Amino acid sequence: MRQCPGRYVHREGKPVGGTEARDGKEAAGSAGDADGTGSTGGAGDVDGPGGPPAPGGTADGAKAPAALTTPRGRRPVVAALMLGMALAAIDGTIVSTAVPQIVGDLGGFTVFSWLFSGYLLAVTVTLPVYGKLSDTFGRKPVLIAGIILFLVGSLLCAAAWNMGALIAFRVIQGLGGGALQGTVQTIAADLYPLKERPRIQAKLSTVWATSAVAGPVVGGLLAGYADWRWIFLINLPVGAVALWLVVRHLHEPARPRPKTRPRIDWAGALAVFATGTLLLTALVQGGVAWPWLSAPSLGLFAASAALAALTVAIERRAAEPIIPGWVWRRRTIASVNLALGAMGLLMVAPTVFLPTYAQSVLGLGPIAAGFVLSVMTLSWPVSAALSDRVYNRIGFRLTAIIGMSAALLILLAFPLLPYPGEPWQPALIMLLLGAALGLFQLPLIVGVQSTVGWAERGTTTASVLFCRQVGQSIGAAVFGAVANSVLAARLLDAPAPGLPGDLDAVARALEDPGALSAAATDHLRRAVDAAVDYVYIGAAGAAALALLALVVLAPRRFPVISEAVITEAVITEAAITETGDSPDAR
């Protein structure tokens, strides 16, 4: 019997039986939501090492790849994952600190925001594509391609001769970043059984936390004492080490040669890419480059809606769709997608508006304002690392509900802070918010990855990350409009004429207090305080939407795939490989 396509295999500890494969109180045998059919014959995954071989192991007991048979063998792979994640995590924060130097050297002040928007667009719209490719061809080639693309983009960015070229090369970086974000999370789930997944997820969360703190410092040092081009060149040695570790130590089981050549849904990939690009462009540029109700905004939204309808039609007809329908037909995956999309929406409040609040209202400098935000990244990984002690007792869904309920209350507490207040007050809010969101996000990601087998995990993980990214883009647009409308209303009775009318202009004006009277300065600060308060109320509304998705849509117990499903899936897959029968025979 030949080897079946599937996950990375390691043999550690004792075999996991039916009861140990359970997620605490999660139902371990309910495959109805896992395979979309209500049967127990779908492809599965074992939530622990040992036992019958998982898909990707060998049905006749062949030895697993040596690099993955012991914890020591996994360490180089984990190091590669953390380095790859660091490339994507540190990108935004390290570039943002060097924007003045970049604009001073290359010009293009009116379009510099596309340094971030172009990268975000490329990452977001390629996540579903890379997820499907990793399920079809394996994780390793997709991750290698992503690292190479990111490094090529970094090298080109360092050699950029004007702002237009730099923006184009940032898009290339984003094409690699999309592969890094989705594939790293998928490999982490492949490598570790359910009981051990919080460890690797906590390590990846720590990478994001460290990057949030280190990025501005490193970017500021390089821009101030070297040259802004070094913020891109520094990626090369880090990426080279990650690439070497992946090539040398990441081993996927041998995949049987398919009877028919895998069909790539290029039409669907192009449609997803075009739809996402138009929609995110409308969200990012609306209210900034042009008014929301202007012809460009309405045209982009109408075109993205038409392309979305075309994408659905193409995906329904495709043999191997980039975004398969089961992503939204299965309650577990659909509810997690919506919940994490809402989380992306609410994350805009602290990450985008809190630094402005800290500088404009509290009068802090950029470094101190960054610290007020960064305390959230200190509590987040700690809470995530400890979340398994909660969801192993009460389940994924209830743990996430507790985390988001706490986040809702914390967000509603922000508008109650006194004016102008002390810096420790919003810092405490952010510390508590990070702990609540760590308790919310990681159980959902681990839980949803545990309800699918190897052949669907890349697509599932990518759909979750895609929804979170889209939520952030929508949040930036919606809350930006909310903040500016509140600000405009508060400035109607301003004590001095000619005051700026949008949040960015107000923040710049408050950086030079000598240009304004004391009364005008105080009025502007109170206006910013009110605007950010309303943003946090909106973020609390997003938290309520996340709770609604979990309470109404998510099953009470996540259908973690059991060992019985694994055994049947392995036998079925092996039989198909030997006989060449159609997969529909399952």
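The structure presented is a predicted model; accordingly, all values stated were derived computationally and were not measured.
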task = Taking T275 for its side chain and V272 for its backbone only, find out whether a donor-acceptor pair lies under 3.5 Å.
result = no
T461 versus Q449, side-chain donor and acceptor atoms under 3.5 Å = yes
task = Decide ring pair (Phe, Tyr, Trp, His ring centres under 6.0 Å) for Y534 and F414; before the verdict, give the C-alpha distance in whole Å, the side-chain angles of both, and the deciding distance to 0.1 Å.
result = CA-CA 10 Å; Y534 275 94; F414 188 92; over 10 Å; no
message = Quick check against the 3.5 Å criterion: does R170 have a side-chain atom that pairs as donor or acceptor with the backbone of L115?
response = yes
query = Taking C-beta and beyond as the side chain, do F440 and L550 meet within less than 4.5 Å on heavy atoms?
reply = yes
request  = Please confirm whether the backbone N or O of L417 pairs with a side-chain atom of Q425, one donor and one acceptor, at under 3.5 Å?
outcome  = no
inquiry  = Does any part of the side chain of R397, heavy atoms only, come nearer than 4.5 Å to the side chain of R556, both counted from C-beta?
reply    = yes
ask   = Just checking, is any N or O donor in the side chain of S134 or T183 under 3.5 Å from an acceptor N or O on the other one?
value = no
key: Pair R525 + D529: basic N to acidic O under 4.0 Å   = no
message = So L278 and F301, do their side chains get closer than 4.5 Å, heavy atoms only?
response = no
request  = Please check if the side chain of S485 supplies one atom and the backbone of V482 the other of a donor-acceptor pair under 3.5 Å.
outcome  = yes
message = Any heavy-atom pair between the side chains of L346 and L437 that's under 4.5 Å?
response = yes
ask   = L386 versus V382: any side-chain heavy-atom pair under 4.5 Å?
value = yes
key: E315 side chain vs I323 backbone, donor-acceptor pair below 3.5 Å   = yes
request  = Could you tell me whether W328 atom CH2 has more than 12 heavy atoms of other residues or ligands within 6.0 Å of it?
outcome  = yes
E456 bridged to R330 by N-O distance under 4.0 Å = yes
task = Measure the shortest side-chain to side-chain distance between D522 and Y419 over non-hydrogen atoms and say whether it is less than 4.5 angstrom.
result = yes
query = Are the side chain of S450 and the backbone N or O of V560 linked by a donor-acceptor pair below 3.5 Å?
reply = no
request  = Indicate yes or no for a side-chain donor-acceptor contact from T451 to the backbone of P559 under 3.5 Å, with no hydrogens or angles considered.
outcome  = no
key: Side-chain donor or acceptor of S405 paired with backbone N/O of I401 under 3.5 Å   = yes
inquiry  = Counting only heavy atoms not in L416 (residues, nucleotides, ligands), do more than 12 fall under 6.0 Å from its CG?
reply    = yes
Beyond-backbone contact of F558 with L444, side-chain heavy atoms, under 4.5 angstrom = yes
